[in-house]
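Quick notes on the structure that follows.
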Amino acid sequence: MDNSTSIHSEIKQNSRQTPCDVLIIGAGPAGLTAGLYAARAGRSVLLMEQLSPGGQAATTWRVDNYPGVPQVNGMDLMMRMDEQARGFGVEVISSQAAALEPATTGAPHQVMTSSGPLWARTVIITTGAIPKLLSIPGESEFRGRGVSYCATCDGAFFRDQPVAVIGGGNTALEEAEFLTRFASKIYLVHRRNEFRADKIIQQQVLNHPKIEVVTPYIPKEIRGSREVTGLLLEERGNQNCRELEVKGVFIFVGLTPQTDFLKSVITLDQDGYIVTGPDLTTSVSGVFAAGDCRANYSKQIIVAAGEGAVAAIMADRYLQNQSHV
């Protein structure tokens, strides 16, 4: 490494020891949009992501419902967002948040990361949530080739084809109902005879002519060659097996918000999602949250992006108010 490169790296490292205006944790749709808006407001922005930018949205093979961008690959859409944010001066670093130490009087917030501490006058948390996995053979192999965790994203690809939906809560039944618009048949698989979903949702869904309830069965293997061709089930309580001939398997056994590092620091709900006000403020002054890690109703790319914009606007307003104090 030549001297100029060494000096540049040293200057960049020292600049991170100086508090930035806005530190964004998570580079999915919410984080990238927040970075774009904060940078366009003239703020110094540092965006950290433990993997590659894009989050869960980047794993979607095709996105048809993002306004103005028809039929785009999820990775391509996220790369465009990433490029746009960087173009306005957002600095993206690869690191994982380990702890948040809220600001004390006259001091910035401190975020402990896998590559050392960072300081910021405001923090926007956009760490997202990941689907809970079944962890059965075939699940990871066929993800994006028949295995999905989002009916709204991928349902239209299974027009006039049989699919299976796994889960017993509100999300599973609502997504099964959504799939009736496309699929020829939906097998609703649940490990118990009773569903956890609200009674009114059960009444709307379970008697639909396209939906066949398959209970109490436990998924054991997703089968196929290049794409999904079947789902192997085992009846709970004995070893009787049944294989469903399906082209798609939609898994809705819950989400896990990426908020473990915030426990005992920021108010979370019983499922670990960040509780915010309507202006996306958290229980810690100067800390905001947006996207799938936040306690909201809809987990969609467009919703996350919109919340990221709002969080950045509110962070900018917070900084303006602080400068007047």
Side-chain angles (χ1 to χ4, degrees), residues 56 59-66 70-71 74 131-134 136-139 141-237 240-255 297-303:
Q56 290 297 310
T59 67
T60 302
W61 179 73
R62 181 173 163 182
V63 178
D64 279 332
N65 57 355
Y66 196 85
Q71 299 183 0
K132 291 182 179 177
L133 306 179
L134 293 174
I136 61 175
E139 181 177 12
E141 293 89 334
F142 293 108
R143 182 166 183 169
R145 294 188 292 132
V147 172
S148 174
Y149 303 87
C150 178
T152 307
C153 306
D154 301 327
F157 304 131
F158 297 90
R159 191 178 298 275
D160 300 324
Q161 297 179 9
V163 300
V165 171
I166 301 172
N170 285 346
T171 299
L173 269 65
E174 289 169 353
E175 299 288 74
E177 184 180 34
F178 179 83
L179 285 167
T180 61
R181 306 178 191 184
F182 307 104
S184 59
K185 186 178 185 63
I186 297 98
Y187 296 97
L188 184 56
V189 180
H190 187 39
R191 62 189 299 124
R192 301 180 181 86
N193 284 314
E194 301 81 21
F195 289 89
R196 304 186 309 276
D198 297 339
K199 294 299 181 183
I200 189 170
I201 298 176
Q202 294 189 42
Q203 292 171 4
Q204 294 170 352
V205 174
L206 298 183
N207 293 323
H208 194 286
K210 280 191 174 183
I211 295 177
E212 179 180 332
V213 175
V214 183
T215 61
Y217 278 88
I218 300 171
K220 302 299 290 184
E221 181 183 355
I222 298 170
R223 294 178 168 176
S225 53
R226 296 184 61 184
E227 297 178 340
V228 169
T229 59
L231 173 65
L232 181 66
L233 306 173
E234 181 180 277
E235 188 173 8
R236 189 178 181 187
N240 294 333
C241 290
R242 175 183 179 183
E243 183 170 353
L244 305 177
E245 294 184 4
V246 293
K247 296 296 185 179
V249 178
F250 290 81
I251 301 170
F252 304 108
V253 293
L255 290 171
Y297 177 75
S298 182
K299 310 300 183 187
Q300 295 289 305
I301 297 174
I302 186 63
V303 173

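Below, all heavy atoms of this structure are taken into account, side chains as well, without hydrogens, waters or symmetry copies.
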Exercise: identify the closest heavy-atom pair between [X] and [Y]:
X	Y	result
L188	L206	CD2-CD2, 3.7 Å
Y187	E245	CE1-O, 4.5 Å
F142	I222	CE1-O, 3.8 Å
G167	V253	CA-CG1, 4.4 Å
K132	I251	O-CG2, 4.3 Å
N170	A197	OD1-CA, 3.0 Å

Value rounded to 0.5 Å, distance of [atom1] in [X] from [atom2] in [Y]:
X	Y	atom1	atom2	result
Y217	E234	OH	CD	10.0 Å
T180	H208	OG1	NE2	4.0 Å
C241	L232	SG	CG	5.0 Å
L179	R159	CG	CZ	11.5 Å

Within a strict 4.5 Å, meaning less than it, do heavy atoms of the F182 and D160 side chains meet?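 Answer no - side chains too far apart.
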Just wondering, do Q202 and I200 contact through their side chains at under 4.5 Å, heavy atoms?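 Heavy-atom side-chain distance check fails, nothing below 4.5 Å.
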Considering residues at least two apart in sequence or located in another chain, which fulfil the side chain to side chain contact (heavy atoms under 4.5 Å, CB included) criterion with [X]?
X	result
S184	P162
S225	none
N240	E235, N238

Apply ring pair (Phe, Tyr, Trp, His ring centres under 6.0 Å) to Y66 and list each qualifying residue two or more places apart in sequence or on a separate chain.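 Scan of Y66 (ring pair (Phe, Tyr, Trp, His ring centres under 6.0 Å), adjacent residues dropped) gives none.
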Heavy-atom count check: over 12 atoms from other residues, nucleotides or ligands less than 6.0 Å from K299 NZ?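 Enclosed: over 12 neighbouring heavy atoms sit under 6.0 Å from NZ of K299.
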Test salt bridge (Lys or Arg N to Asp or Glu O under 4.0 Å) applied to K220 - qualifying residues, sequence neighbours left out: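 Per chain and number, K220 pairs via salt bridge (Lys or Arg N to Asp or Glu O under 4.0 Å) with no residue.
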Step by step, would you call N65 with Q300 a side-chain contact (heavy atoms from CB on, under 4.5 Å)? CA-CA 9 Å; N65 57 355; Q300 295 289 305; 3.4 Å; yes
Taking salt bridge (Lys or Arg N to Asp or Glu O under 4.0 Å) as the cut-off, I'd like each qualifying pair that reaches into residues 173-201, sequence neighbours left out, listed once.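 Matches after skipping sequence neighbours: K185-E212.
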Can a donor-acceptor pair be found, under 3.5 Å and without considering hydrogens, that links the side chain of E139 to the backbone of L134?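 Side chain of E139 to backbone of L134, a donor-acceptor pair under 3.5 Å: yes, one is there.
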What verdict does the side-chain contact (heavy atoms from CB on, under 4.5 Å) test give for I218 and L233, after you've listed the backbone C-alpha separation in whole Å, the side-chain angles of each residue and the deciding distance to 0.1 Å? CA-CA 5 Å; I218 300 171; L233 306 173; over 6 Å; no
Please say which of V165, I166, I136 ends up in a side chain to side chain contact (heavy atoms under 4.5 Å, CB included) with V249.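 When side chain to side chain contact (heavy atoms under 4.5 Å, CB included) is applied between V249 and each of V165, I166, I136, only I166 qualifies.
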Given side-chain contact (heavy atoms from CB on, under 4.5 Å), test V214 with H190 step by step and report yes or no. CA-CA 7 Å; V214 183; H190 187 39; over 6 Å; no
Which of these, F157, F178, F158, Y149, sits in a ring-ring contact (aromatic ring centres under 6.0 Å, His included) with F250?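 Of the listed options, the one satisfying the test is F158.
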Residues R223, E243; criterion salt bridge (charged side-chain N to carboxylate O under 4.0 Å, His left out); working and verdict: CA-CA 9 Å; R223 294 178 168 176; E243 183 170 353; 2.9 Å; yes
